[in-house]
Amino acid sequence: MTKATNITWHANLTHEERATLRKQKGVTVWLTGLSASGKSTIACALEQTLLARGLNSYRLDGDNIRFGLNKDLGFSEADRNENIRRISEVAKLFSDSCCVTLTSFISPYKADRQFARELHEKENLPFVEVYVDVPIEVAEQRDPKGLYKKAREGLIKEFTGISAPYEAPDKPEIHLKNHAGVSIEDAAQQIVDYLVEKGYIN
Ligand code: ADP
């Protein structure tokens, strides 16, 4: 692939100018965790809550993005890196447009999440890493798509937690234990409380 050369960055409004006009700041809430830990369910609940509060919010979902933007990518380490690189860039654009951007991707590698964080922080866009934490036994028991079963049978290669690593965050902004009596509403509310406390949303 030849890289474009004759391109020039066209200056936009600053994020502050846009946020003042939109009366809303942008922030990316990055959910990471094992498959079936509850990322998509929590992100959906959160999106509904935020929209109901009159805020602009949008969810970028792991599987959904692979139907379109990332349909050329698989699950090798290189493809997972590229998957996250593209999502990070898209999330940054959504946040820059003053959206509360929710991403629900396993994003198992620390380096990829660090890349996403730096991309945002370079532009002074807040990045909130949420570790949706459940023991693998709980995720495997939920297994709504039967993926763990297939992975155990060897039918899915490179499955996170079984045959591919999950690198848990060391210092996530929010460590969400999403099991043992924690409801989806509780989990979403913890994130809302954090966003309010930090002044990212009103
Ligand atoms: P992920 O996006 O991380 O793969 P999902 O959001 O699809 O996970 O959730 C996997 C399953 O776990 C779903 O059936 C969902 O209803 C269930 N689930 C999620 N959070 C909870 C919770 N706090 N308590 C019980 N079940 C949950």
Side-chain angles (χ1 to χ4, degrees), residues 27-52 57-71 73-77 79-81 83-84 86-88 90-91 94 99-110 112-113 116-117 127-153 155-170 172-195:
V27 50
T28 290
V29 178
W30 188 282
L31 293 101
T32 170
L34 294 172
S35 178
S37 57
K39 302 176 296 298
S40 301
T41 312
I42 295 169
C44 274
L46 189 56
E47 185 184 10
Q48 279 183 348
T49 304
L50 296 172
L51 291 173
S57 179
Y58 191 73
R59 186 174 70 91
L60 301 167
D61 176 86
D63 275 2
N64 295 1
I65 223 88
R66 286 178 179 274
F67 280 97
L69 179 66
N70 289 355
K71 68 176 169 193
L73 301 178
F75 289 92
S76 66
E77 185 165 350
D79 278 6
R80 283 180 194 249
N81 294 149
N83 185 44
I84 297 302
R86 291 184 200 171
I87 305 309
S88 306
V90 173
F94 269 77
C99 183
V100 181
T101 314
L102 314 174
T103 71
S104 43
F105 299 87
I106 299 173
S107 44
Y109 300 112
K110 279 185 188 169
D112 290 344
R113 299 191 303 264
R117 179 184 290 280
F127 183 86
V128 177
E129 187 176 20
V130 181
Y131 176 25
V132 183
D133 183 10
V134 302
I136 188 141
E137 301 75 42
V138 172
E140 194 160 359
Q141 220 164 23
R142 288 183 183 161
D143 203 15
K145 303 174 204 156
L147 299 177
Y148 283 92
K149 187 167 178 293
K150 282 192 187 163
R152 290 281 183 206
E153 290 165 0
L155 298 173
I156 306 178
K157 303 268 175 281
E158 302 177 284
F159 191 78
T160 302
I162 306 285
S163 43
Y166 177 75
E167 299 173 359
D170 294 323
E173 275 73 10
I174 306 177
H175 186 158
L176 206 66
K177 296 214 164 116
N178 191 38
H179 63 108
V182 176
S183 72
I184 290 154
E185 293 71 28
D186 294 338
Q189 191 58 46
Q190 280 188 52
I191 301 176
V192 172
D193 291 346
Y194 180 89
L195 295 176

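Ligands are counted one by one from 1 in listed order, and the atoms in each one are counted from 1 as well. Treat the numbers as computed from the prediction; the structure is a model and nothing was measured. We're numbering straight along the sequence, starting at 1. Every heavy atom of this structure was used, including side-chain atoms; hydrogens, water molecules and symmetry mates were not.
In terms of protein heavy atoms, atom 4 (O) of ligand 1 is closest to Ala36 N, 2.7 Å. Looking from atom 20 (N) of ligand 1 to the surrounding protein, the closest heavy atom is Asn178 ND2, 3.0 Å. When only non-hydrogen protein atoms are considered, atom 19 (C) of ligand 1 lies nearest to Gly38 CA, 3.7 Å. Regarding atom 17 (C) of ligand 1, its nearest protein heavy-atom neighbour is Arg142 CD, 3.9 Å. Atom 15 (C) of ligand 1 has its closest protein heavy atom at Thr41 OG1, 3.6 Å.
The shortest N/O to N/O separation between Ile42 and ligand 1 does not fall below 3.5 Å.
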* Show your working on side-chain contact (heavy atoms from CB on, under 4.5 Å) between Trp30 and Ser104 and close with a plain yes or no. => CA-CA 7 Å; Trp30 188 282; Ser104 43; over 6 Å; no

* Take Arg142 and Val134 through the side-chain contact (heavy atoms from CB on, under 4.5 Å) test and state the conclusion after the steps. => CA-CA 11 Å; Arg142 288 183 183 161; Val134 302; 3.9 Å; yes

* With salt bridge (charged side-chain N to carboxylate O under 4.0 Å, His left out) as the test, would you mind laying out the steps for Arg80 and Glu158 before giving the verdict? => CA-CA 11 Å; Arg80 283 180 194 249; Glu158 302 177 284; over 6 Å; no

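Dense packing is recorded around NZ of Lys110, with more than 12 heavy atoms of other residues, nucleotides or ligands lying under 6.0 Å away. Heavy atoms of other residues, nucleotides or ligands lying less than 6.0 angstrom from OH of Tyr58 number 12 at most.
Salt bridge Glu167/Arg113: absent, no basic N to carboxylate O contact under 4.0 Å. Between Arg117 and Glu173, at least one side-chain N (NZ, or NE/NH1/NH2) sits under 4.0 Å from a carboxylate O, which counts as a salt bridge.
Looking at Ser40 against ligand 1, both its backbone and its side chain come within 4.0 Å, counting heavy atoms. Heavy atoms from both the backbone and the side chain of Lys39 come within less than 4.0 Å of ligand 1. The part of Val182 lying near ligand 1 is the backbone, judged by heavy-atom distances below 4.0 Å.
Of all atoms in ligand 1, listed by their number and element, those nearer than 4.0 Å to a heavy atom of Leu34 are 3 (O). Those atoms of ligand 1 that come under 4.0 Å of a heavy atom in Ser35, given as number and element, are 4 (O).
Across the listed options Val134, Thr160, Asp143, Ile184, Ile184 owns the non-hydrogen atom lying nearest to atom 21 (C) of ligand 1. If you check each of Ala43, Ser37, Pro144 against atom 14 (O) of ligand 1, the one with the closest non-hydrogen atom is Pro144.
Expressed to the nearest 0.5 Å, how far NE2 of His179 lies from CD of Gln141 amounts to 12.0 Å. Taking CG from Leu176 and OG1 from Thr32, the interatomic distance works out to 12.0 Å, rounded to the nearest 0.5 Å.
Heavy atoms of Gly33 come nearer than 4.0 angstrom to ligand 1 in no pair at all. Assignment of Ser104 to the shell around ligand 1 is not supported, since no heavy atom sits closer than 4.0 Å.
The aromatic rings of His175 and Tyr131 sit tilted, their planes meeting at an angle between 30° and 60°.
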